[in-house]
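So the structure is just underneath, and the comments pick up after that.
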Amino acid sequence: RDGDLNLLVLQALIIDISVMSISLAVATSLASLTYRGIRETTSLSAAYRAVEQKLLIAVCAQTFVPTLCVYIPYFFTEMVTFLGLPGIGLIDFFPVVVTLFPFWDALVITLIIKDYRFGLMKIMGWKPKQKVNLIVS
């Protein structure tokens with residue numbers, strides 16, 4: 001402010017960036033270790049392995065959505081404000097993105113997991129196509 005460095009704001013900025021970076025690094029590390037564990041294990045059937053991979057994709061999507069809707073807007077807003085840069089109009093848009101985060105988080109999981117997707121379709125009155133199995137003897 002007025003050309004002076006505000007140490008309290010700098011400390012808050014460093015703490016915020018550290019928390020966001022550490023949580024993203026831990027999530028990325030755990031996801032990669034889980035993926036490697038699923039790929040290397042020999043005791044899983046192919047069907048169970050596919051289920052585990054779908055769940056891992058769902059968890060990764062749940063990590064990506066807050067990164068996109070919360071971490072990036074907060075980081076950008078803090079950096080632009082701290083450095084005194086022009087916000088390019090994006091800062092006015094970020095509260096909407098942060099507010100819509102719970103909706104996007106739920107929507108991504110609903111679209112990824114088949115049972116949730118079919119449940120939503122049933123609630124909305126849409127019926128998924130029935131599979132017809134032909135048995136020829």
Side-chain angles (χ1 to χ4, degrees):
R1 183 174 297 196
D2 298 327
D4 293 334
L5 181 63
N6 189 337
L7 292 178
L8 187 61
V9 173
L10 180 61
Q11 289 172 344
L13 185 65
I14 290 171
I15 289 170
D16 288 349
I17 292 172
S18 298
V19 168
M20 289 187 277
S21 300
I22 289 170
S23 66
L24 192 58
V26 167
T28 303
S29 299
L30 291 175
S32 62
L33 289 171
T34 303
Y35 179 74
R36 189 176 75 187
I38 291 170
R39 300 269 298 160
E40 291 178 355
T41 189
T42 58
S43 61
L44 294 178
S45 68
Y48 192 70
R49 185 184 314 267
V51 169
E52 290 292 324
Q53 287 178 342
K54 284 183 182 181
L55 288 174
L56 180 61
I57 289 170
V59 171
C60 288
Q62 275 193 307
T63 302
F64 179 71
V65 171
T67 301
L68 190 64
C69 292
V70 178
Y71 288 176
I72 292 173
Y74 279 163
F75 175 77
F76 186 77
T77 302
E78 288 177 344
M79 291 305 291
V80 163
T81 304
F82 181 72
L83 297 174
L85 300 173
I88 317 168
L90 289 176
I91 292 182
D92 297 333
F93 179 68
F94 286 154
V96 175
V97 174
V98 173
T99 303
L100 289 176
F101 157 67
F103 167 76
W104 285 113
D105 196 35
L107 183 66
V108 165
I109 292 303
T110 302
L111 295 177
I112 289 176
I113 298 177
K114 184 168 76 170
D115 292 337
Y116 292 169
R117 189 172 55 242
F118 285 159
L120 178 64
M121 290 170 69
K122 187 175 179 182
I123 289 171
M124 301 296 265
W126 302 326
K127 300 210 181 213
K129 293 182 180 179
Q130 297 290 332
K131 291 184 178 180
V132 177
N133 294 325
L134 294 176
I135 302 174
V136 180
S137 3

How many angstroms lie between CG in D115 and OG1 in T110, if you round to the nearest 0.5 Å? 11.5 Å
For S29, side chain to side chain donor-acceptor pair (under 3.5 Å) partners two or more places apart: none
Do you reckon L100 sits in the same ILVMFWY cluster as V65, going by side-chain contacts under 4.5 Å, direct or chained? yes
Could you check whether any side-chain heavy atom of E78 comes within less than 4.5 Å of a side-chain heavy atom of V9, counting everything from C-beta outward? no
Hydrophobic cluster membership, I109 vs L56, 4.5 Å side-chain cutoff: no
Quick one: closest heavy-atom pair of D92 and P95, and the distance? O-CD, 3.5 Å
Quick one: do I17 and I15 end up in the same hydrophobic cluster if we chain Ile, Leu, Val, Met, Phe, Trp and Tyr together by side-chain heavy atoms under 4.5 Å apart? no
May I ask you to check whether over 12 heavy atoms, not counting those of R49, lie within 6.0 Å of atom CZ? yes
In terms of hydrophobic clustering (I, L, V, M, F, W, Y; side-chain heavy atoms under 4.5 Å; direct or indirect links), are L111 and I113 co-clustered? yes
Can you establish whether the number of heavy atoms outside F64 located under 6.0 Å from its atom CZ is more than 12? no
Is there a continuous path of hydrophobic side-chain contacts, each under 4.5 Å between heavy atoms, that joins F103 to F93? no
Tell me whether S23 contacts the main-chain N or O of M20 through its side chain, where contact means a donor paired with an acceptor under 3.5 Å. yes
Heavy atoms of M79 and L13 approach each other most closely as SD-CD2, 3.8 Å
Considering non-hydrogen atoms only, spot the tightest contact between A27 and T63 and give its length. CB-CG2, 3.7 Å
Rounded distance [0.5 Å steps], CG in D105 versus CG in L68: 11.5 Å
Considering non-hydrogen atoms only, spot the tightest contact between P73 and V97 and give its length. CG-CG1, 4.2 Å
Euclidean distance, W126 CH2 relative to L120 CG, rounded to 0.5 Å: 7.0 Å
What is the distance from atom CG of D16 to atom OH of Y71, rounded to the nearest 0.5 Å? 10.5 Å
Between Y74 and V98, what is the shortest heavy-atom contact and its length? OH-CG1, 3.9 Å
Minimum side-chain heavy-atom gap Q62-V108 below 4.5 Å: no
Just how far is it from atom CZ of F94 to atom SG of C69, taken to the nearest 0.5 Å? 11.0 Å
At their closest point, which heavy atom of Q53 faces which heavy atom of I38, and how far apart are they? CG-CG2, 3.9 Å
